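A quick write-up on the structure given underneath.
Everything numeric in this text was worked out from a predicted model, so none of it was measured.
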Amino acid sequence: MHVTEAWGCRPAARLELPLYQVRISAGFPSPADDNIDRHLDLNEFLIAHPASTYFVRVEGDSMIEAGIQSGDILIVDWSVEPRSGDIVIAMINGEFVVKTYSCRPDGKKRFLLAGNPRYPHIELTDAMDVEIRGVVTSGLHIFRKT
């Protein structure tokens, strides 16, 4: 799975949208004001560090079992130190990829794991030009393309 686009994050103003208190299984809640629990700003929930956060659009199916599909937009924070099990954006020999970072407890072996059995895992070695460019903190799945 490759990164095809990247954007910076500069939330200039709050955009608060209504959060309805009703739970729905299918359908849409009534827009009546008495159902509004509060207003939320998605920046509050999705972006902890605006100065170090960026967005990328992914292409491919190597992370499908991790819930990442082609066309999804990932929210990435490069100030977060990657831990084993985190989904990361890495640059390998000049190419950006999204994979799950895995590190043995002794720290001697590190891997980038694919989320699709059709793709190989990548063992990171000293001979490789590898740089972790951030931890994926959230993702947006676009249901309908406009």
Discussion item. Taking side chain to side chain contact (heavy atoms under 4.5 Å, CB included) as the criterion, tell me which of D72, I73, I89 meets it with V58.
Written reply: D72

Worksheet item: For residues 120-141, which residue pairs qualify under ring pair (Phe, Tyr, Trp, His ring centres under 6.0 Å), counting only residues two or more places apart or in two chains?
Response: H141-F143

Worksheet item: Below 4.5 Å, heavy atoms only, C-beta onward: do F55 and I47 meet side chain to side chain?
Response: yes

Worksheet item: Considering only heavy atoms from C-beta outward, does the side chain of M91 approach that of D129 to under 4.5 Å?
Response: no

Worksheet entry | All side-chain hydrogen bond (donor to acceptor under 3.5 Å, both in side chains) counterparts of E65, not counting sequence neighbours | none

Fill in: Identified side chain to side chain contact (heavy atoms under 4.5 Å, CB included) partner of T100 from the options V136, I87, I68
I87

Worksheet entry | Derivation of the side-chain contact (heavy atoms from CB on, under 4.5 Å) call for M128 and I92 | CA-CA 7 Å; M128 300 172 76; I92 303 173; 3.9 Å; yes

Discussion item. Keeping S84 on the side-chain end and S102 on the backbone end, is there a donor-acceptor pair under 3.5 Å?
Written reply: no

Worksheet item: salt bridge (Lys or Arg N to Asp or Glu O under 4.0 Å): which pairs involve residues 73-90, sequence neighbours left out?
Response: none

Practice prompt. State, to 0.1 Å, how close Y54 and R133 come at their nearest heavy-atom pair, and which atoms those are.
Written response: OH-O, 2.7 Å

Worksheet entry | Distance, nearest 0.5 Å, that separates OG of S70 from CZ of R57 | 9.5 Å

Worksheet item: Does T137 reach the main-chain N or O of I75 with its side chain, forming a donor-acceptor pair under 3.5 Å?
Response: yes

Side-chain donor-acceptor pairs under 3.5 Å in residues 103-116, sequence neighbours left out?
residue : atom : partner : partner atom : Å
D106    : OD1  : K108    : N            : 2.9
N116    : OD1  : R118    : N            : 3.0
N116    : ND2  : D61     : O            : 2.9

Worksheet entry | Residue pair V88 / P82: nearest heavy atoms and the distance that separates them | CG1-CB, 4.0 Å

